[in-house]
Amino acid sequence: MSAVTNPIQLYDTLRRKKVALEPIDATNVRMYACGPTVYDHAHIGNARPVIVFDVLFRLLRYTFGADHVTYARNITDVDDKINARAAEEYPKLPLNDAIAEVTSRTTARYHADIRELGVLEPTIEPRCTAHVPQMVAMIETLIEKGFAYEAEGHALLDTNSVPEYGQLSGRSLDEMIAGARVEVAPYKRNPSDSVLWKPSTDAQPGWDSPWGRGRPGWHIECSAMAAEHLGDVFDIHGGGIDLTFPHHENELAQSRCAHGTDGMANIWMHNGYLQVEGEKMSKSTGNFITITELLESHNFGGRKWPGEVLRLAMLMTHYRQPIDFTMNTLEAAEKILDGWYRMIGDVAAPPTSDFEIKLATDALGDDLNTPKAITLLHSFSDDVRTGAGDAAGSFKRAANLIGLLTMTASEWNALQRADMSIDEAQIAALIQERLDARAAKNFARSDEIRDQLAADGVQLKDGKDPATGEPITTWQVKR
């Protein structure tokens, strides 16, 4: 357990206010977050909830102990988008084989991307295809209890039979019907009824069920996986605000009705929307950016952006607020990190830190207030610069709590240099030429070399070798 004694306050979408986190079982705090549908590379909008709930996971582990938190983040590997992408990319393969190719490749890419963002592995990463029996069993229960029905090989949730349906999203049934992309079908009792099970053709992925061979609908997947790994009711359910309706609304309805409980999660959390340079992200406008593109310099400035820069750029805005993701934001985040790494050097983080306690209590414990956490880190910098005690190590420990400063300064500098337009041998040669020019009082050439290196992001610092008194020049990346 940590030194934090104040309860964590989190905003609950269902109750429309901040509430104290009161775990059902403090020895096993349970959280579920909706993961990716693995048909394409994850974009930076997908990165936001992954980072947000990673910070919450870290805070819960810090507060209750790493062995007392269970975090489930799923992989959706059965979906009609996956089927369509597989048929498009591998038209000569049987569909199931093509699906396996797409999902395995995309899942591996997703894992690699979020690892670069400093995201911890969840405790459990359930896959939909491994939980179809649980989904079938839950649908059977819903039908038996009168909350769902079978029609033409489909099983559907009867939304009119669900008490308080629409409570999470705050919409009336008419508003939900008007605003949702609902499938109009003659077998539906109500336009808002969601599909729990749908029939599959011989070519499509399918499993045997009481309603014939078919596959699950999207919403039932998370209800079944969450119940399997976290229980009928657990502590926190998270995801992007776009999932509030219809996905989370239907999850809540299905779970309450199947289990006979008042709720599914005690706290529902949703992060805000993300736009790019003031516009909604869209492939048609050319501002659709994947995590991979940022990390591998295929987009957004044509350069590599370290994952930690992307992470800090996300955390500079409170998770519930919309975020405008811009080049300026990335550059500001990189500048902050560069300054922090230069400040602390290669110091190791101690096991505990007063800075970390203050960060957890005063910022993160107040509804994951990461902008305040960053402000507090800036305020701690004064102690680091004056060299008070183990301030540098304490600073690093505090930053680690939100997944920052996880490298040494040497590793950071090496990472920065890896994206330079000239290599280290060239830099060394130019520095030596500059030293020679200065010795020959050729200051014009000396200034020319300095300006050339500065244009490539290399900042020089002149000094003297303390052992010999000879002039030396050190350098660092400064974008």
Side-chain angles (χ1 to χ4, degrees), residues 12-14 21-37 49 53 56-57 60 68-79 122-149 155-159 161-165 167-168 194-198 207 209-211 214-239 243-270:
D12 178 25
T13 304
L14 186 62
L21 171 62
E22 298 175 349
I24 298 166
D25 177 3
T27 66
N28 184 22
V29 184
R30 290 161 287 160
M31 175 173 71
Y32 186 94
C34 292
T37 300
F53 294 107
L56 180 56
F57 184 35
L60 295 177
H68 301 299
V69 181
T70 302
Y71 175 27
R73 187 188 66 222
N74 77 291
I75 294 285
T76 297
D77 57 352
V78 53
D79 185 88
T123 317
I124 304 163
E125 191 178 57
R127 292 173 179 258
C128 293
T129 50
H131 294 78
V132 175
Q134 291 91 332
M135 298 171 199
V136 170
M138 181 173 278
I139 296 169
E140 288 183 297
T141 299
L142 288 168
I143 292 176
E144 289 169 6
K145 290 186 173 185
F147 296 111
Y149 58 95
L156 300 108
L157 180 71
D158 183 355
T159 52
S161 71
V162 178
E164 299 177 318
Y165 186 74
Q167 184 181 34
L168 180 64
S194 64
V195 174
L196 302 170
W197 188 264
K198 64 181 77 173
W207 292 261
S209 80
W211 319 287
R215 58 198 190 280
W218 177 29
H219 313 310
I220 196 66
E221 295 170 346
C222 286
S223 287
M225 289 185 290
E228 174 72 12
H229 295 286
L230 303 180
D232 294 351
V233 181
F234 49 93
D235 297 297
I236 302 167
H237 194 314
L243 298 181
T244 309
F245 180 83
H247 187 50
H248 288 170
E249 191 75 70
N250 281 291
E251 274 191 67
L252 174 59
Q254 294 158 177
S255 297
R256 289 173 59 203
C257 293
H259 305 312
T261 57
D262 291 332
M264 177 185 181
N266 286 343
I267 297 176
W268 289 81
M269 297 177 65
H270 295 92

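Predicted, not measured: the structure shown is a model, and the values here were computed from it. Computation of the quantities below employed the complete heavy-atom set of this structure, encompassing side-chain atoms and omitting hydrogens, waters and symmetry-equivalent molecules.
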Solution key, residues 218-227 side-chain donor-acceptor pairs under 3.5 Å, sequence neighbours excluded:
{"residue": "His219", "atom": "ND1", "partner": "His247", "partner atom": "ND1", "Å": "3.0"}
{"residue": "Ser223", "atom": "OG", "partner": "Glu251", "partner atom": "O", "Å": "3.2"}
{"residue": "Ser223", "atom": "OG", "partner": "Gln254", "partner atom": "NE2", "Å": "2.9"}
{"residue": "Ser223", "atom": "OG", "partner": "Ser255", "partner atom": "OG", "Å": "3.2"}

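- Taking CD1 from Ile236 and CZ from Phe53, the interatomic distance works out to 8.5 Å, rounded to the nearest 0.5 Å.
- In this structure, CE in Met31 is found 11.5 Å from CD1 in Ile124, a value given to the nearest 0.5 Å.
- Side-chain contact annotation: His270 with Thr13, donor-acceptor N/O pair under 3.5 Å present.
- For Thr37, there are no side chain to side chain donor-acceptor pair (under 3.5 Å) partners, not counting sequence neighbours.
- By the 4.5 Å heavy-atom criterion applied to side chains, Lys198 and Val195 are counted as neighbours.
- Inter-residue side-chain proximity for Trp268 and Leu252 is flagged as met; some heavy-atom pair is nearer than 4.5 Å.
- In this structure Thr123 satisfies the side chain to side chain donor-acceptor pair (under 3.5 Å) test with no other residue, sequence neighbours excluded.
- Summarising the geometry, atom CG belonging to Leu243 is positioned 4.5 Å from atom NE2 belonging to His248; distances are rounded to the nearest 0.5 Å.
- Among residues at least two apart or in separate chains, salt bridge (charged side-chain N to carboxylate O under 4.0 Å, His left out) pairs with a member in residues 125-139 are Arg73-Glu125.
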Side-chain donor-acceptor distances from residues 228-235 under 3.5 Å, at least two apart:
{"residue": "His229", "atom": "NE2", "partner": "His131", "partner atom": "NE2", "Å": "2.8"}
{"residue": "Asp232", "atom": "OD1", "partner": "His259", "partner atom": "ND1", "Å": "3.4"}
{"residue": "Asp235", "atom": "OD1", "partner": "Ile24", "partner atom": "N", "Å": "2.9"}
{"residue": "Asp235", "atom": "OD2", "partner": "Arg30", "partner atom": "N", "Å": "2.8"}

> Run the side chain to side chain contact (heavy atoms under 4.5 Å, CB included) check on Met135 and Cys128 step by step: do they pass?
Replying inline: CA-CA 9 Å; Met135 298 171 199; Cys128 293; 4.0 Å; yes
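- Here the closest heavy-atom approach between residue Glu140 and residue Pro210 is recorded as OE2-CG, 3.3 Å.
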>> Run the side chain to side chain contact (heavy atoms under 4.5 Å, CB included) test on Ile267 and Met269 for me, step by step, so that the C-alpha distance in whole Å, both residues' side-chain angles and the decisive distance to 0.1 Å come before the verdict.
In response: CA-CA 6 Å; Ile267 297 176; Met269 297 177 65; 3.8 Å; yes
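- Residues Trp197 and Trp207 come closest through the heavy atom pair CZ2-O, 3.4 Å.
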>> I'd like to know whether Leu14 forms a side chain to side chain contact (heavy atoms under 4.5 Å, CB included) with Gln167, so could you lay out the CA-CA distance, the side-chain angles of the two residues, the decisive distance to 0.1 Å, and finally the verdict.
In response: CA-CA 7 Å; Leu14 186 62; Gln167 184 181 34; 3.7 Å; yes
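- Side-chain atoms of Tyr32 and Thr70, non-hydrogen and from C-beta on, never get closer than 4.5 Å to each other.
- Taking 4.5 Å as the limit, some side-chain heavy atom of Cys34 sits within range of a side-chain heavy atom of Asn74.
- A 4.5 Å side-chain heavy-atom check between Pro23 and Asp25 finds every atom pair outside the cut-off.
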>> Between Phe57 and Val69, is the side chain to side chain contact (heavy atoms under 4.5 Å, CB included) condition met? List the steps.
In response: CA-CA 8 Å; Phe57 184 35; Val69 181; 3.7 Å; yes
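- With a 4.5 Å cut-off on side-chain heavy atoms, Ile75 and Pro36 count as touching.
- Taking OH of Tyr165 as the reference point, atom OG of Ser194 lies at 5.5 Å (rounded to 0.5 Å).
- A search for side chain to side chain donor-acceptor pair (under 3.5 Å) contacts involving Ser161 returns nothing, not counting sequence neighbours.
- Counting only heavy atoms from C-beta outward, the side chains of Leu60 and Tyr71 never approach each other to under 4.5 Å.
- Interatomic distance, CD1 of Ile139 versus OH of Tyr149, reported as 13.0 Å (0.5 Å rounding).
- In this structure, the side chains of Pro163 and Phe147 come closer than 4.5 Å at one or more pairs of heavy atoms.
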